[in-house]
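Take a look at the structure set out below.
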Amino acid sequence: MTSHFERYAEVAEILVRHGFESLVNVLGLERLQLRSIPRASGPLSNPDRLVLALEELGPAFIKLGQVLSTRPDLLPPNYLAALSRLQDGTLPVPSNIIRSLITQELGASPEEVFADFSDAPLASASIGQAHAATLHNGTAVVVKVRRPGVVSQVQEDLEILQNLAHQASRNWSAVADYNVESIAAAFAATLRAELDYLKEGQNAERFANNFAGDASIHIPKVFWETTTSRVLTIERIHGLKIDDAKIRAMPVAARDQLAEQATRAIAQMIFDDGFFHADPHPGNLFVESTGCIGLIDFGMVGELSERLRDQLGKLLLAFSRNDADRISRCLIQLSINTNTTNRERLVQDIGHFMRQYQGKLLGEVQLSSLVTELLAILRTHRLQLPSEMAMLAKMILMTEGMGVRLNPEFNLGEVLKPYAGRLALERLNPRRLPGMLKQWGLDAADLGADLPELLERVLRNLDDGPEVRLRSDDLLPLLARAERIGNRLVAGMILAAFIRGIGDLTTADRDRLNSWQNWLLAGGLGAMGAMGGYLAWTSRPKARRPGP
């Protein structure tokens, strides 16, 4: 195995050869004494040359490119398109080595473990290799075997990538506003999980449980008796890939049904389960002879936390109200870097964006265009989504592309509409009130911690004379904190209480500071209670009017 220094030099040489000498400089690799390296020539674009460089750099860099192809909030469409074509194929591992690895992991030869085992690989990728086999009970399976030495190679490259991310964040102004070190750390965690076939098996089993009641979706079974971190044995899916020519030759109605069936499954993953397949490209979706859709390859998944689901619900409600200001706030709350955002300009750009869709229903909108334009705004304002939300955006684009290939008239928005509506309405569900009130209470307690200092400033102003002098910048931080409690009503009530308090404080002295502080805090908590009651009232089932 090469030393760290040799691998750094190799990375630098490959980047320079493919025309990325300036990138080598900002990554701090120019200090390496590189020999004279011939530059790539020809009419290739920068994105295409980047793909060639990543393929030559090996497994970790190929996976990095594939992950970046799911980040439309970071990269423009031409780079996304090129990176999505990254080929993970490589020369197969000789069958004698594969057999030896299976024997080491399972304690018996392939002939003993399986009734039949094919030496010819079904697929050979940078992380592992897949072989067809048959269990002794006659079940057709796929046996995935991790390549020898790949873990140490990937671990070394992940360390190098994280070091390069650190250098880039310091030296490269173009990425200074993006948290590239966080991106590198998240990527490293994702790839390390993908190296572990036990994790992939657990993902498959979780999907199987989520779709246990849906006969139209087939998630393959994992056979744990012959599965380890280096070997995965999983039921083989037989059928046609969803973009196969035979599928495209089917009647329009049948193709439309398949597109809707696949999309409903993906919508369930996103909006109902919060756990989704992060790479639903056509090669991972099969149409079985029974009409079921079979899903494979569970190494890359995304999960939406309750917080992200809540924020997504807020965003959907803001879109439904055509509220550019609220949409902007939601996007800023979603972003993991907001320091460089010009809020006023963002609201203007969102307002212009929304005017294109004003008056249209979700089912009338081409979601791929909407998402692409919205992500372009995020890039312009250097807002960076959490990796799960970025994967979700990419997933929506891939899903609509798949549906349109099956049926040019396919409308993803129409399929997603009821799921999105349910997620948005979750925010108004009375059952969520205890959790919401708890969070509001925590925010109010946090807010109360700042009140003494602010009131102390008010009293100092009063000591200077009878005139009340409260600067707006004294009040704005308080209101900003109140906004986080969850509703403008709370902020308004606290503001009213504060104005009332200032009037009364003109006749008060310092000894009454604590009582006023407690009164104001109680007023804020009372406002939250009122809001909780209001939400419960407005969310109640409507009584039916008696018929005529």
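- Qualifying salt bridge (Lys or Arg N to Asp or Glu O under 4.0 Å) partners for Arg170, counting only residues two or more places apart in sequence or in other chains: none.
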Please determine whether side chain to side chain contact (heavy atoms under 4.5 Å, CB included) holds for the pair Leu258 and Asn407, giving the CA-CA distance in whole Å, both sets of side-chain angles, and the decisive distance to 0.1 Å.
CA-CA 9 Å; Leu258 284 175; Asn407 177 12; over 6 Å; no
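- For the atom pair CG (Leu27) and CD (Gln167), the distance works out to 8.0 Å, reported to the nearest 0.5 Å.
- Side-chain atoms of His277 come within 3.5 Å of backbone atoms of Asp297 as a donor-acceptor pair (strictly under, hydrogens ignored).
- Judged by distance alone, with hydrogens and angles left aside, the side-chain atoms of Arg146 form a donor-acceptor pair with the main-chain N or O of Leu195 at under 3.5 Å.
- Taking the side chain as every heavy atom from C-beta outward, Leu331 and Leu374 approach each other to under 4.5 Å.
- In this structure, the side chain of Asn163 engages the main chain of Glu159 through a donor-acceptor pair within 3.5 Å.
- Looking at residues two or more places apart in sequence or on another chain, you find no side chain to side chain donor-acceptor pair (under 3.5 Å) involving Asn25.
- For the 3.5 Å distance criterion, the side chains of Ser100 and Gln104 qualify, holding a donor opposite an acceptor.
- Scanning for side chain to side chain donor-acceptor pair (under 3.5 Å) contacts around His166 gives Glu181, with sequence neighbours left out.
- A pairwise comparison of heavy atoms in Pro59 and Gln153 identifies CD-NE2, 3.3 Å as the closest pair.
- Legend: residues meeting ring-ring contact (aromatic ring centres under 6.0 Å, His included) with Phe207, ordered by chain and number and at least two apart, are Phe275, Phe298.
- In this view, Glu205 satisfies the salt bridge (Lys or Arg N to Asp or Glu O under 4.0 Å) rule with no residue, not counting sequence neighbours.
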Verify side chain to side chain contact (heavy atoms under 4.5 Å, CB included) between Arg379 and Leu375, making sure each step is shown before the conclusion.
-> CA-CA 6 Å; Arg379 285 197 305 274; Leu375 291 168; 4.3 Å; yes
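- When all heavy atoms are compared, the tightest approach of Gly302 to Ala278 is N-CB, 4.1 Å.
- Between Asp273 and Gln268, the closest side-chain pair of non-hydrogen atoms falls below 4.5 Å.
- Annotation: the span from Ile127 atom CD1 to Gln129 atom CD amounts to 13.0 Å, rounded to 0.5 Å.
- Closest non-hydrogen pair, Leu304 versus Phe276, comes out as CG-CE2, 4.0 Å.
- Across all non-hydrogen atoms, the minimal contact from Gln202 to Trp224 is N-CH2, 3.6 Å.
- Checked by atom type and distance alone, the side chain of Ser335 pairs as donor or acceptor with a backbone atom of Gln384 at under 3.5 Å.
- Side-chain atoms of Arg147 come within 3.5 Å of backbone N or O of Ala125 as a donor-acceptor pair.
- Within the 4.5 Å cutoff, no side-chain heavy atoms of Val301 are placed close to those of Arg206.
- With sequence neighbours left out, Asp196 forms a salt bridge (Lys or Arg N to Asp or Glu O under 4.0 Å) with no residue at all.
- To the nearest 0.5 Å, atom OG1 of residue Thr380 and atom CG of residue Asn342 are 12.5 Å apart.
- Proximity of Val16 to Leu29: side-chain heavy atoms (C-beta onward) are nowhere separated by under 4.5 Å.
- With sequence neighbours excluded, the residues forming a salt bridge (Lys or Arg N to Asp or Glu O under 4.0 Å) with Asp349 are Arg345, listed by chain and number.
- Counting only distance, with no hydrogens or angles, the side chain of Arg230 and the backbone of Tyr197 share no donor-acceptor pair below 3.5 Å.
- Atoms CG and CD1, on Leu52 and Ile14 in that order, are 11.5 Å from each other to the nearest 0.5 Å.
- A heavy-atom distance below 4.5 Å is not found between the side chains of Leu295 and Ile237.
- To the nearest 0.5 Å, atom CG of residue Asp244 and atom CZ of residue Phe286 are 10.0 Å apart.
- With hydrogens and angles ignored, the 3.5 Å screen pairs no side-chain donor or acceptor of His381 with any backbone N or O of Arg343.
- The side chain to side chain donor-acceptor pair (under 3.5 Å) check on Thr226 picks up Thr233, with sequence neighbours excluded.
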With side chain to side chain donor-acceptor pair (under 3.5 Å) as the test, would you mind laying out the steps for Glu194 and Thr190 before giving the verdict?
-> CA-CA 6 Å; Glu194 199 170 342; Thr190 299; over 6 Å; no
ask   = Can Tyr8 and Ile160 be said to form a side chain to side chain contact (heavy atoms under 4.5 Å, CB included), step by step?
value = CA-CA 7 Å; Tyr8 273 112; Ile160 288 173; 3.6 Å; yes
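- Taking 4.5 Å as the limit, every side-chain heavy atom of Val154 sits out of range of all side-chain heavy atoms of Lys63.
- Partners of Pro386 according to the side-chain contact (heavy atoms from CB on, under 4.5 Å) rule, which considers only residues two or more places apart in sequence or in another chain, are Leu308, Ile336, Glu388, Met389.
- Asp119 has its side chain within reach of Arg99: a pair of non-hydrogen atoms, C-beta onward, lies under 4.5 Å apart.
- For the side chain to side chain donor-acceptor pair (under 3.5 Å) test, no residue two or more places apart in sequence or in another chain qualifies with Asn78.
- When the side-chain contact (heavy atoms from CB on, under 4.5 Å) test is applied to Ala208, the partners found at least two apart in sequence or on another chain are Ile219.
- Atoms CG and CG, from Leu57 and Leu15 in turn, are 5.5 Å apart once rounded to the nearest 0.5 Å.
- In this structure, the side chains of Leu315 and Gln333 stay at 4.5 Å or more apart for every pair of heavy atoms.
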**Asked** Would Ile296 and Ile234 count as a side chain to side chain contact (heavy atoms under 4.5 Å, CB included) if you check the C-alpha gap in whole Å, the side-chain angles of each, and the deciding distance to 0.1 Å?
**Response** CA-CA 9 Å; Ile296 66 169; Ile234 192 166; over 6 Å; no
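- Taking Ala82 as the reference, Pro47, Asp48, Val51, Arg85 meet the side-chain contact (heavy atoms from CB on, under 4.5 Å) condition, with sequence neighbours excluded.
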